[in-house]
2 protein chains.
Amino acid sequence: MAGNEHFRQLLKSGNLKSTKHRNAILEALEKNDVPLTAEELYLHLKEDGVSISLSTVYRILETLVERNLAARFNLPDENKAVYELKHDQHRHHLLCVKCRKLLPVDGCPLEAYEKLLEDRFGFTVKGHQLEVFGYCADCSEKRDSK
Amino acid sequence: MAGNEHFRQLLKSGNLKSTKHRNAILEALEKNDVPLTAEELYLHLKEDGVSISLSTVYRILETLVERNLAARFNLPDENKAVYELKHDQHRHHLLCVKCRKLLPVDGCPLEAYEKLLEDRFGFTVKGHQLEVFGYCADCSEKRDSK
DNA sequence: ATGCAAATGCGAATGATTCTTAATAATATT
DNA sequence: AATATTATTAAGAATCATTCGCATTTGCAT
Ligand SMILES: [Mn+2]
Ligand SMILES: [Mn+2]
Ligand SMILES: [Zn+2]
Ligand SMILES: [Zn+2]
């Protein structure tokens, strides 16, 4: 219950009531530090003794995304959405197609490209979605030795 | 039935039989030049008088992706997959969040970034998924005048 | 033309996500 | 602290996208 006040503030900033479930989801998202599916969150909470309905997990996530406190996107070759907290520092991820591990990478290589798109196409860029996939260091090694 | 031989070759290159349905889907994908959902393809074929089962559409698309003749991915805020032919020139898309129009953009700004990731993380990059979203030229104008 | 493997139709099954409604909990007010 | 107001939640049904199973048809090599 330490950083609880932190979440309360965050929720207030989005005009949202501070509830046990919302706090628990924010905490799980913060603790894990990689994008998670609704069901993964549901199971994590359950393990932590927080009883919650799966549809509530979905509803809370939807709300967080709406209020711009979280982001929702799809990983390559997954037919379910994952969610992560919006960080102060915008980030992307490396997805290992073999072991499915996710490696967060801070920073973004696209500022210049977005300017170019605005100039060339008259498009007003609001954001982007970038996921890089391949083999992580561990899985690359194994592949080499073949 | 003009460029039909073209598709026949393409399919042969993937060890696939040339069928009416596969040719029709390749043709629809080529003609439209933007990523389409399975259902959109299904409806396009229907309009062109090609009777096909929706599950066959899914199966054909799955096969094309498997043989690396097509790509499957998700657009931001859509809970369904879209498909497009693999082009000689790798491309990305601008998605207008207002009118949902898609604008293909040839070329890719990520070569240098991927090298950097390989160096810094020992990750072997196999590919990426990048979609940029915002307001298209038309929708930007309307927004300005508010 | 014949045979066989591959492709398809069609409906059922599955999986993810959203919706509906009644019950409950969080804040504002007294 | 009790009450009123309103947002939130549980539970399961409903919906939507996608995959599966199996009987039938089709493409293609011989
Ligand atoms: Mn970025
Ligand atoms: Mn690219
Ligand atoms: Zn790996
Ligand atoms: Zn637009």
Side-chain angles (χ1 to χ4, degrees), chain A residues 1 4-5 7-26 28 35-43 45-46 48-67 69-83, chain B residues 1 4-5 7-26 28 35-46 49-67 69-83:
Chain A
M1 312 79 196
N4 224 338
E5 188 52 30
F7 295 136
R8 172 178 289 273
Q9 291 307 328
L10 195 64
L11 289 167
K12 204 156 292 172
S13 88
N15 271 92
L16 297 172
K17 286 182 182 172
S18 167
T19 70
K20 181 175 57 151
H21 293 136
R22 284 175 177 163
N23 286 318
I25 284 188
L26 289 172
L36 297 172
T37 64
E39 191 172 26
E40 286 169 341
L41 280 164
Y42 171 72
L43 295 173
L45 294 211
K46 189 158 273 183
D48 294 352
V50 179
S51 158
I52 190 175
S53 157
L54 179 57
S55 41
T56 299
V57 175
Y58 275 106
R59 221 169 327 101
I60 289 177
L61 290 170
E62 183 188 25
T63 304
L64 293 176
V65 170
E66 222 172 68
R67 305 297 160 98
L69 300 175
R72 169 194 160 139
F73 57 94
N74 288 83
L75 296 175
D77 300 316
E78 301 267 349
N79 54 348
K80 49 196 154 191
V82 292
Y83 301 81
Chain B
M1 309 83 195
N4 224 337
E5 189 52 31
F7 296 135
R8 172 180 288 275
Q9 291 307 328
L10 194 64
L11 289 167
K12 204 157 293 172
S13 88
N15 270 95
L16 297 172
K17 288 182 180 171
S18 167
T19 70
K20 181 176 58 149
H21 292 137
R22 284 175 178 164
N23 287 319
I25 283 187
L26 289 172
L36 297 172
T37 66
E39 191 171 26
E40 285 169 340
L41 280 164
Y42 172 73
L43 294 173
H44 283 169
L45 294 212
K46 189 157 274 182
V50 179
S51 157
I52 191 175
S53 156
L54 179 56
S55 39
T56 299
V57 175
Y58 275 105
R59 239 182 331 227
I60 289 177
L61 290 169
E62 184 188 23
T63 304
L64 294 176
V65 170
E66 222 171 66
R67 306 297 161 98
L69 301 175
R72 169 195 160 137
F73 56 95
N74 287 84
L75 296 175
D77 300 318
E78 301 268 348
N79 52 350
K80 51 197 154 190
V82 292
Y83 302 81

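In what follows, every chain begins at residue 1, and chains take the letters A, B, ... in the order their sequences are listed.
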Heavy atoms, side chains only, cut-off 4.5 Å: are [X] and [Y] in contact?
{"X": "Asn23(B)", "Y": "Leu11(B)", "result": "yes"}
{"X": "Leu61(A)", "Y": "Arg72(A)", "result": "no"}
{"X": "Leu64(A)", "Y": "Leu26(A)", "result": "yes"}

Taking [atom1] from [X] and [atom2] from [N], how many angstroms apart are they, rounded to a whole number?
{"X": "Leu54(B)", "N": "dA12(C)", "atom1": "CG", "atom2": "P", "value": "15 Å"}
{"X": "Leu64(B)", "N": "dA7(C)", "atom1": "CG", "atom2": "P", "value": "11 Å"}
{"X": "Leu11(A)", "N": "dA25(C)", "atom1": "CG", "atom2": "P", "value": "18 Å"}
{"X": "Arg8(A)", "N": "dA7(D)", "atom1": "CZ", "atom2": "P", "value": "17 Å"}
{"X": "Tyr42(A)", "N": "dT18(C)", "atom1": "OH", "atom2": "C1'", "value": "16 Å"}
{"X": "Glu62(B)", "N": "dT8(C)", "atom1": "CD", "atom2": "C1'", "value": "14 Å"}
{"X": "Leu26(A)", "N": "dT8(D)", "atom1": "CG", "atom2": "C1'", "value": "15 Å"}
{"X": "Asn79(B)", "N": "dC19(C)", "atom1": "CG", "atom2": "P", "value": "11 Å"}

Between [options], spot the one nearest the side chain of [X], thanks.
{"X": "His21(A)", "options": "dT8(C), dT18(D), dT9(D)", "result": "dT9(D)"}
{"X": "Arg59(A)", "options": "dT18(D), dA10(D), dG9(C)", "result": "dA10(D)"}
{"X": "Arg72(A)", "options": "dT9(D), dT18(C), dT19(D)", "result": "dT18(C)"}
{"X": "Arg22(A)", "options": "dT8(D), dT27(C), dG9(C)", "result": "dT8(D)"}
{"X": "Leu16(A)", "options": "dA11(D), dG9(C), dT8(D)", "result": "dT8(D)"}

Carboxylate-amine/guanidinium proximity below 4.0 Å for Glu5(B) and Arg8(B): yes

Between Thr56(B) and dG9(C), does any side-chain N or O lie under 4.0 Å from OP1 or OP2? yes

Less than 4.0 angstrom between a side-chain N/O of Tyr58(B) and OP1 or OP2 of dT19(D), yes or no? no

Hey, which of these two, Glu39(A) or Ser55(A), hits DNA chain C nearer its 5' end, going by closest nucleotide? Glu39(A)

Which is true for [X] with a 4.0 Å heavy-atom rule: it touches a base, it touches only sugar-phosphate, or it touches nothing?
{"X": "Ala81(A)", "result": "sugar-phosphate"}
{"X": "Lys17(B)", "result": "base"}
{"X": "Ser51(A)", "result": "sugar-phosphate"}

Might you work through the side chain to side chain contact (heavy atoms under 4.5 Å, CB included) test for Tyr58(B) and Thr56(B), ending with a clear yes or no? CA-CA 5 Å; Tyr58(B) 275 105; Thr56(B) 299; over 6 Å; no

By nearest nucleotide on DNA chain D, pick out whichever of Ser18(B) and Thr37(B) is the more 5' one. Thr37(B)

